[in-house]
Each structure stands twice: as C-alpha cells, then as structure tokens.
Amino acid sequence: MSFISIDLDGTLLNGENEISEENKKAIQYAKGRGIEVIISTGRAYFDVQTICKKAGISPYIIGTNGATTHSKDGKVISSIPISKERVESILKWLNERDFYYEVFTDKAIYTLEKRREYFYQEIQRMKSTDLYKETATEAERQLDQFGYVLVENYPDILKQEEEVFNIVACSFDQKKLAEAWDRFNMIGELGVVSSAEHNIEITNISASKGNALEKMAILMNVSLEKSMAIGDSNNDLSMFRKVGYSVAMGNAKDDIKAVCTTTTLKNDDDGVAHAIYQFMENYVLQK
Ligand code: CA
C-alpha cells in the first residue's frame, strides 16, 4: 500500500486559498484505488480541518510542520510541543526585534494585534512594488488563516495554558530573517524551516513533516518507497527525503525542483491533480 502526502499553501490550495474541483476529483480517484491521502502543512490542525470540511474531504492531517498528527476522524496520533521556557525565550527575542510573529497551539493562533496591523500595512505597501509583489501577496494569504486570537502583549500569550507547537516569524527584511534563522537553528532542541520568502517557522527539533510521515507509515503499514509527497518549499524537504516519489510544484523555486523526482504544473493549474494521475499511472498501477 502507498500514500500521497500533500502540502497546502502553494500546492493544494490555489491563489484563492481554495481546493479546486480538479484537485478534489483527483484525491477521490486515488482514494478509490486504495491510496491514503495525508495533508502535510505548516498550518494548525483546526485551520486545516476547516479547509478540508469545506472541500468535503477527510484526510489524515500532519499539522504545524509535523508537530501534530491527526487521524481521519480527528483523533490525535502524536503531538510534539516546544517547552514553555523555550517559548518564552523565543518570544522575548522576537519581541525585542520588532518581528511580526504567530504562536500556534491546538486551539488558536495567538498574535499581537498592533503588530498584525503594522504587518498588514507593510504588505499593502510591498504589494504596490514590482520586486516584492509576489512575496507580499503570499504574506497576505497567510493572514487568511482560521483561528487567530489577537492579544495586546506577548505575556498574554505566555499565560495561556495550551502547549505551543509552532512559532512563525515574519519579515520582508531578508537579513533580519536570516539572523533569526541562525539564532534559533543553533539551539539544539529547535528545528527551523521556511514555507515562504517572508517567514521562518520554529518547532521542536523532533517535529518535521518527514518525521511525522515516517511515523504514520509504520502505523499504517505503508511503504514510504512506494509513496508520493507533493510540495513547493523548504518545509517540504524533510518529506521529500522520505518518499520514493517526490514532486515539486511548477511554482516552486529551482532548488526545490532540483531535489525532487519530478515537477508538476503550478498550483493555479491543478498541479496536484496532474501529479496524482501521473503517479497512479506510472508508479502505482505499473507495479
Ligand atoms: Ca507550501
């Protein structure tokens, strides 16, 4: 048996943040032939659930970059939080440097109201420039997530009792972002990835899409070698390394395409559907 692991933003979702009819059809086609479908994303579980419900699909869900995994009926399979002390030191550091950041728990995405306003204004300014238009549009889509809780100050986030799975820090200043990446990547218990030009995403070092996929494969008795993963960014690399058949989106950067088995069409051209049919035809049904 095999499975198909699909990233959301820039992959299964089109520019309108929706799952197209063509992509839905392809997912049903694969499921009808005994292939399990897994959504693997940096988004929070409750956000993904809302998107899937709207599309009428109920897949396994790897959320917050592998820090949480849920079964098709919503049961928690595993969860790997960042320690409370570490969350505090991360937020303090980001706060002092005026980052816009989002803190993901299993109930909400906490963020500072004022900074969200500033970040939104910055996005609008960036959108009007030629050079940053695309990055800014992507950042704007991020603000479309479901489950935001706006607070005044970062201690308001720290006093929440829920466990933290993922912290996303955003900036259009590449140097500032790189500095944050180096800072947190240095800390042994943390893992850092990126899902877009304007962000870095911090999790527990044990949490990654690839590790979550590996655990699921054992649990479901599925061969990773016979499975497919589709994605478009740096945070998909860990799952590309685990499967036998990896697919980069047409809209992915060249360094992502270079490590994949093949490249499919862009997310706005139903690239996922195209990849699923190719995979079924050339890889699954041939064997
Ligand atoms: Ca993505």
Side-chain angles (χ1 to χ4, degrees), residues 4-20 23 26-27 37-45 47-52 55 57 59-69 102 104 109 123 134-146 165-170 177 181 191-203 207-213 228-243 246-276:
I4 297 176
S5 174
I6 315 171
D7 166 54
L8 278 182
D9 294 83
T11 302
L12 186 59
L13 301 178
N14 58 22
E16 266 77 59
N17 264 352
E18 280 171 348
I19 303 175
S20 71
N23 282 346
I27 285 174
V37 174
I38 303 172
I39 298 292
S40 310
T41 173
R43 286 183 184 245
Y45 171 70
D47 185 17
V48 186
Q49 218 190 9
T50 309
I51 294 168
C52 289
I57 57 170
Y60 286 89
I61 296 172
I62 294 176
T64 45
N65 282 326
T68 62
T69 53
E102 300 177 346
F104 290 63
I109 303 166
I123 288 171
E134 216 173 298
T135 311
T137 309
E138 221 173 333
E140 192 173 36
R141 262 184 238 125
Q142 182 187 318
L143 295 186
D144 217 25
Q145 292 170 105
F146 175 81
F165 295 111
N166 191 17
I167 298 171
V168 179
C170 304
L177 212 50
W181 178 297
V192 187
V193 291
S194 170
S195 67
E197 206 87 327
H198 69 278
N199 75 23
I200 63 162
E201 310 194 354
I202 307 154
T203 58
S208 74
K209 290 187 181 188
N211 284 354
L213 216 53
M228 168 167 82
I230 319 173
D232 71 319
S233 325
N234 166 278
N235 68 334
D236 299 310
L237 291 176
S238 65
M239 67 173 182
F240 288 155
R241 287 189 205 109
K242 301 283 183 192
V243 297
S246 53
V247 183
M249 294 300 293
N251 46 290
K253 293 260 154 56
D254 287 344
D255 57 331
I256 302 295
K257 289 177 183 169
V259 301
C260 286
T261 315
T262 185
T263 297
T264 184
L265 303 174
K266 293 182 177 178
N267 63 327
D268 277 330
D269 299 325
D270 307 314
V272 167
H274 184 72
I276 288 176

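Atoms within a ligand are numbered from 1 in the order they appear, just like the ligands themselves.
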- Note on the structure: Within the 3.0 Å cut-off the protein N, O or S neighbours of the Ca ion (ligand 1) are Asp7 OD2, Asp9 O, Asp232 OD1

- Task: Please answer whether the main-chain N or O of Ala44 pairs with a side-chain N or O of Thr64 as donor and acceptor at a distance below 3.5 Å.
- Result: no

- Partner set under side-chain hydrogen bond (donor to acceptor under 3.5 Å, both in side chains) for Asp144, not counting sequence neighbours: Asn17

- Message: For the backbone of Gly271 and the side chain of Thr264, can you confirm whether one donor and one acceptor N or O come within less than 3.5 Å of each other?
- Response: yes

Table please: side-chain donor-acceptor pairs of residues 247-256 below 3.5 Å, with sequence neighbours left out.
residue, atom, partner, partner atom, Å
Asn251, OD1, Asn267, N, 2.9
Asn251, ND2, Gly10, O, 2.9
Lys253, NZ, Glu197, OE1, 3.1

- Task: Go through the structure and list residues passing ring-ring contact (aromatic ring centres under 6.0 Å, His included) with Phe165, not counting sequence neighbours.
- Result: none

- Query: Heavy-atom count around Lys257 NZ within 6.0 Å, excluding the residue itself: above 12?
  - Reply: yes

